[in-house]
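To start, the structure itself, in structure tokens.
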Amino acid sequence: MKCVVKTTPIAKVDVDALLWFHAEEEDAIPADLPAELHPHIRESMIREQFEGKEGQILTVSSRGSIAAYKLLIVGTGKRKDVDVFRLQKAVATAVYTVQTQIKPARIAIVIPPYWTGQFDGVNAVAAVVEAVHLASYRFLRYKSEEERKKLRMLEEVILPVSAARVEGTEKGIALAEIFSRATIMARDLVNEPSEVTTPTHLASVAQDIGKSSKGAVSVKISDKSEIEKMKMGAFLGVARGSDEPPKLIRLEYNRAKRGKTVVLIGKGITFDTGGLSLKSADHMETMKLDMAGAAAVLAVFSVLPILRPEVHVIGYIASCENMPSGKALKPGDILRAYNGKTIEVLNTDAEGRLTLADVLSYAADNDKPQVMIDLATLTGACMVALGNDIAGLWSTSDTLLSSLEKSAVATGEKIWRMPLENEYMELVKSHIADLKNTQTGRYGGAVTAALFLSEFTGTIPWAHLDIAGPSYNEKSSPLVPKGGTGFGVRLLLHFLSTYRSV
Ligand code: BES
Ligand code: ZN
Ligand code: ZN
């Protein structure tokens, strides 16, 4: 699908459907539609009780009086309540409706002038275009040709604007294409079966990113014997139950004038059976998603050479499978992490924190970054706390917290501040080792997991995003069909583009 700007008057744009947006309690029929159409539109609004409420969509025939075949009026709710999330939801709902109702090849979207005022021109356009790309996404690789043919994909989206807006609109389109492409790459990686996305596969994806970056991204893959030399005992403990060899992936991109090093870490468990503390069949069904953090980090690096932010970014992924076997880690085993701390493993299903512990302490020690951010599908407890749509955010730095929150607002990816409650630290202390990988008691599991990680970050300002909920859609929503969501990619890209060192 391609998106183009045109200065053609909207009455003359030749498309299957012309979409515009209507805020509640407002009258917003585009003025340049022919006068004879206005009463017809108004009558349809009254008869169908269309008031511009969020989620309302009104389809009206253009009666041949303009070039577009159909008109689609999309309710956005009250103007003051429209944020990037709601804006994208409205666009996505409209795209979904139009695709199911008239299977169009070409549509045009009229962006209301108040959006370009509210969000800054480029960003409003970027948000709209991103929503179109993301709502049109389908993972069809394993569908037969016959099934694929049934879906008619959008071929072209036209944004009709005045001559003065062309430049800003084009910038918005270009930005949206970069952000969407990366998000889609992360979705694809999560949607692929774990049989495909093995640690070795993720390593080769990283290498391909390096090769196609024209020198902008360098990649280093370490295999098991090197990981042993690096003394990552916790990561190796998790990896040892599987026949798939573990891989430590390191990516680096540097356009910073000085300093400004950001380390990004993605949890890269390519399948989480729980290990010997085996998950139930129900809980295991979606566990190919356990590399969603890694997918987000790879996706971010794949577009850094085009986005070209002036930062130094280092990405780490400690990738392995969590499998039960004769060689697998057993409850009661004690592992020694990179920083020398010992961990009693009481539940082999709390494996993510073990792999992250090594990478966090390794990066803190060797790269001495200004900040470290990890993305991990870490705990079911975070889903209990925040539901499916919101990621938990923990951080040792207030500045980092508020920068990430700003990026969340700007991209519509929802995150929520959670406490690193020191009183709970006792709950992850072991009687036999320094720490244990599960907690005493049943409650606050997402917080104790974050506290566990904080033992490995040294003095480096660090943020942890538990993306267990939002990384995967159990049922389709307008912006994301069932499956991987690519959560975190846009948030991180925005953060890196605006990073000023914290
Ligand atoms: N990968 C899971 C967390 C998860 C659950 C992600 C559901 C996405 C959806 C993680 O490794 C895990 O199993 N965590 C355990 C920790 C417990 C054993 C302390 C959990 O949350 O139950
Ligand atoms: Zn697990
Ligand atoms: Zn896991």
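Ligands are counted one by one from 1 in listed order, and the atoms in each one are counted from 1 as well.
Under the 3.5 Å distance criterion, with hydrogens and angles disregarded, a donor-acceptor pair is assigned to the side chains of Glu252 and His312. A side-chain N or O of Tyr137 and one of Asn191 form a donor-acceptor pair less than 3.5 Å apart. Between the side chains of Tyr316 and Asp358, not a single donor N or O lies within less than 3.5 Å of an accepting N or O. A donor-acceptor contact closer than 3.5 angstrom links the side chains of Thr377 and Asp290. Side-chain contact, Trp394 with Asp466: no donor N or O sits under 3.5 Å from an acceptor N or O. A donor-acceptor contact under 3.5 angstrom links the side chains of Glu192 and Tyr142, judged on distance only.
For Asp290, every heavy-atom contact with ligand 1 shorter than 4.0 Å involves the side chain, none the backbone. Counting heavy atoms under 4.0 Å from ligand 1, residue Met383 touches it through the side chain alone. Within the 4.0 Å heavy-atom criterion, the part of Leu289 lying near ligand 1 is the side chain and not the backbone. Under 4.0 Å from ligand 1, not a single heavy atom of Gln439 appears.
Counting atoms of ligand 1 from 1 in the listed order, those under 4.0 Å from a heavy atom of Lys267 are 1 (N), 10 (C), 11 (O). For ligand 1, the atoms sitting less than 4.0 Å from at least one non-hydrogen atom of Glu351 are 11 (O), numbered in the order shown with element in parentheses.
Judged by distance alone, with hydrogens and angles left aside, the side-chain atoms of Asn437 form a donor-acceptor pair with the main-chain N or O of Ala350 at under 3.5 Å.
Contact analysis leaves His283 out of contact with ligand 1, as no non-hydrogen atom separation drops below 4.0 angstrom.
For the Zn ion (ligand 3), the N/O/S atoms of Lys267 include one lying under 2.8 Å. Residue contact annotation: Asp290 places no N/O/S atom under 2.8 Å from the Zn ion (ligand 2).
For atom 6 (C) of ligand 1, the nearest non-hydrogen atom from the set Gly469, Ala468, Gly274, Ala350 comes from Ala468.
Under the 4.5 Å side-chain criterion, counting only non-hydrogen atoms from C-beta, Phe487 is not in contact with Tyr472.
The distance criterion of under 3.5 Å between nitrogen or oxygen atoms is not met by Asn347 with respect to ligand 1. Polar contact with ligand 1: absent for Asn437 (N/O pair, distance under 3.5 Å). The shortest N or O to N or O distance between Thr438 and ligand 1 is not below 3.5 Å.
Distances from the Zn ion (ligand 2) to the N/O/S atoms of Glu351 are shortest for OE1. Taking the N/O/S atoms of Asp272 in turn, the shortest distance to the Zn ion (ligand 2) belongs to OD2.
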